[in-house]
Amino acid sequence: MAGEGVRVSVPEIISTTQLQANQLKFDGVVLVTNTIDKLSGDLQCLKGPLNQYKSIDASVEQDVVLVAAPDLPGARLIFSPTGPLNRDYDDVRRFSDAAVSGIKRALKAGMKRPILVCPPEELFKDASLVSVLGALQALYVPLEIREAHKEKATRVECLGVWASSKEGGKKLEQLASALEQGRTVCRDIGGSDPERMAAPNVAVYVQNIFRNSVVSVSVTSDVATLQEKYPCLAAVNRCAKDVARHQARVIELEYTGEGATETTLLLVGKGVTYDTGGADIKAGGIMAGMHRDKCGAAAVAGLFQVLSVLKPKGIKVIGAMSMVRNSVGSDCYVADEIITSRAKRRIRVGNTDAEGRMAMVDLLCSMKEKALEKYEANRFELFTIATLTGHAVRAVGGNYSIIMDNGPAHRAGTARGLQGAGDQVADPFEISTIRRDDYDFHKGKSEYEDILQCNNLPSSATPRGHQSPAAFLIMGSGLDKHGIDSEKPLCYSHIDIAGSSGPFPGIPTGSPVVALAAKYILCRV
């Protein structure tokens, strides 16, 4: 529940330390582990049915199996093995993958109240939490389905989770529910179609979620105000502004935890509700799926949902969602235009399909100003989060976020810290580096402009296609005046989630909500 706002739809999670058949609230057991040999103590009761099955099928630890288990809830047991866990390349995602497979098999078997069991794991201390999050990923129902078909709003009546102690179980319930609520908000916004989550509708959704909660929300919609405060975003909005249901919104969120503020996060999320490419139109069938170009802003909203539930102490978080549609038409912005950013940098447009950086750069400048207004060394961390480049997918594949630091953030170890946190909770990152080449790439090519926004090639066909946009954001926002050579250095990191945000067709992952929460929130609860 988000205060007295609209309830975020996630399955009820019920922890238990018992696995006896008389636990009538559950109708089946889903086991996630790598080997039957780990079943001891309170989990010994699972071993008998699996050993009996193993006597007729030696592949029991290789494939998902469903076996009769008269002494267990629902008299049935699904074993979804993780596979090996001790090789160089094995990581905690073995558990989330196995949980997804196990829960999908449970749904096929007709289970409505499954109980997930993940024995304690020495190699991966968060294996139980990761397993529950994997199960919840498989149980997500898209917002449009929940709204159109109330009878399909949930896949299960509840999700049971086994824990070795009541205290551990309650903690698991709390964290898993909060993280899944965050991912659900992220999926609802990021995955819904370009009309259901057009910018004005995103604003309404966010306002409803956080109404009367510990998160404050303000929305800017006035065209003249957007032009004055965020001229680069306004350029992208220029074509869409004449269609009321497509008009841009800047949604600002703020959370302040109890106690002295030790850390302040300032987040900007790319919220392009639909990307036609603009005048540089996405031709040749590559436009489909571009409603997912708002997953960065969706992740910002998702993280605030986690904040609203867990209420961590000692941290302040300010977020901005740049919700805009990159439409094509007679009033769309075009290549060759020169637009003066909020930071008073003259930016030559090179490609209207590089609208994401335009949508974020002035909001990033605004965040810079907020940090400088109350400047304290090492207190502020700025981020941009975006499905920004196809190059990111080409560089690291479809399952990883990429993070890259400016000089102060690199010295502070921001990227390394977030990568480490993500590795613990199955929300992995790769680290890239912003080089001098990236700054050179965006320097103005004539005396007309200070900065070149982009070349006229797709990022996937451009060397350093996911690194150089970070340099543009630094230059265009004026953060280049706050590097390691400044009297007031500011830590800034850019996160490209083009690969990790999820498949299309398919369900968004909610990345990088869990990694960010693991790094900045869970340690404060």
Side-chain angles (χ1 to χ4, degrees), residues 89 91-93 96-97 126 130 133-134 137 179 182-183 185-187 189-191 265-272 289 292-304 306 319 321 356-357 360 364 381-406 409-410 413-434 459-460 464-470 473 491-504 506-522:
Y89 51 88
D91 59 52
V92 74
R93 288 177 296 170
S96 56
D97 293 345
D126 291 315
V130 168
L133 292 175
Q137 175 80 16
L179 292 170
R183 294 196 306 178
V185 168
C186 182
R187 295 191 203 104
I189 296 173
L265 304 183
L266 302 113
L267 313 172
V268 176
K270 173 187 174 183
V272 175
R292 295 287 182 87
D293 222 6
K294 56 190 182 307
C295 284
V300 171
L303 188 68
F304 273 88
V306 180
M321 302 166 63
R357 63 195 74 179
M360 293 190 294
L364 181 60
E381 297 184 45
L382 287 75
F383 292 89
T384 45
I385 309 172
T387 49
L388 205 61
T389 66
H391 191 276
V393 184
R394 178 161 291 190
V396 303
N399 298 306
Y400 302 90
S401 301
I402 301 177
I403 182 169
M404 54 209 90
D405 292 339
N406 73 347
H410 178 70
T414 302
R416 294 191 302 275
L418 192 53
Q419 184 185 54
D423 284 346
Q424 294 293 317
V425 292
D427 196 357
F429 278 75
E430 300 291 6
I431 297 175
S432 285
T433 304
I434 309 169
S459 68
S460 56
R464 304 189 62 78
H466 73 267
Q467 294 99 325
S468 70
L473 287 164
C491 293
Y492 163 69
S493 302
H494 171 60
I495 300 173
D496 196 326
I497 59 170
S500 64
S501 59
F504 178 76
I507 300 294
T509 61
S511 292
V513 170
V514 175
L516 287 166
K519 176 67 169 66
Y520 293 104
I521 298 176
L522 302 191

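No experiment lies behind these values; they were computed from the predicted model shown.
Checked options S432, S459, S460; the residue passing with H466 is S432 (criterion: side chain to side chain donor-acceptor pair (under 3.5 Å)). For the side chain to side chain contact (heavy atoms under 4.5 Å, CB included) with H494, the qualifying choice from N406, V268, T384 is T384, the only one to do so.
Nearest heavy atom pair, residue T509 against residue S500, reads OG1-O, 2.6 Å. Between A517 and L179 the shortest heavy-atom distance is CB-CD2, 3.6 Å. Considering all non-hydrogen atoms of both residues, V306 and G182 come closest at CG2-CA, 3.8 Å. Closest approach of V513 and A299 over heavy atoms only: CG2-O, 3.6 Å. Across I507 and P503, no two heavy atoms sit closer than the pair O-CD, 3.5 Å. Residues D427 and S511 share a closest heavy-atom pair of OD1-OG, 2.8 Å.
Without hydrogens or angle criteria, R187 side chain to P508 main chain gives a donor-acceptor distance under 3.5 Å. Judged by distance alone, the side chain of R394 and the main-chain N or O of T389 form no donor-acceptor pair under 3.5 Å. The backbone N or O of M360 sits nowhere less than 3.5 Å from a side-chain atom of K270 that would complete a donor-acceptor pair. Checking side-chain atoms of D91 against main-chain N and O of D423 turns up no donor-acceptor pair under 3.5 Å. In terms of modelled atom types and a separation under 3.5 Å, the side chain of K294 and the main chain of G190 share a donor-acceptor contact. Looking at D126, its side chain never comes within 3.5 Å of a backbone N or O of V425 through a donor-acceptor pair. Counting only distance, with no hydrogens or angles, the side chain of D293 and the backbone of V272 share no donor-acceptor pair below 3.5 Å.
From R93, atom CZ reaches atom OG of S96 across 7.5 Å, with rounding to the nearest 0.5 Å. Distance check: F304 CZ to M321 CE gives 10.0 Å after rounding to the nearest 0.5 Å. In this structure, the separation between CG on L388 and CD1 on I495 is 12.0 Å, given to the nearest 0.5 Å. The distance from atom CD1 of I431 to atom OH of Y400, rounded to the nearest 0.5 Å, is 14.0 Å. To the nearest 0.5 angstrom, I497 atom CD1 is 11.5 Å from I402 atom CD1. The structure places CG of L267 at 10.0 Å from CD of E381, a figure rounded to the nearest 0.5 Å.
Put simply, the side chain of F383 does not reach to within 4.5 Å of the side chain of V300, judged on heavy atoms. Contact of the I403 side chain with the Q419 side chain is not registered, since no non-hydrogen atoms from C-beta on lie closer than 4.5 Å. Taking the side chain as every heavy atom from C-beta outward, I434 and Q467 never approach each other to under 4.5 Å. Looking at M404 and H410, their side chains never come closer than 4.5 Å, going by heavy atoms from C-beta outward. With a 4.5 Å cut-off on side-chain heavy atoms, L303 and I385 do not count as touching. Side-chain contact between S501 and R292 is absent, with no heavy atoms from C-beta onward closer than 4.5 Å. A heavy-atom distance below 4.5 Å is not found between the side chains of T414 and Y492. For the pair Q424/V92, no side-chain contact is recorded, criterion being any heavy-atom separation below 4.5 Å from C-beta on.
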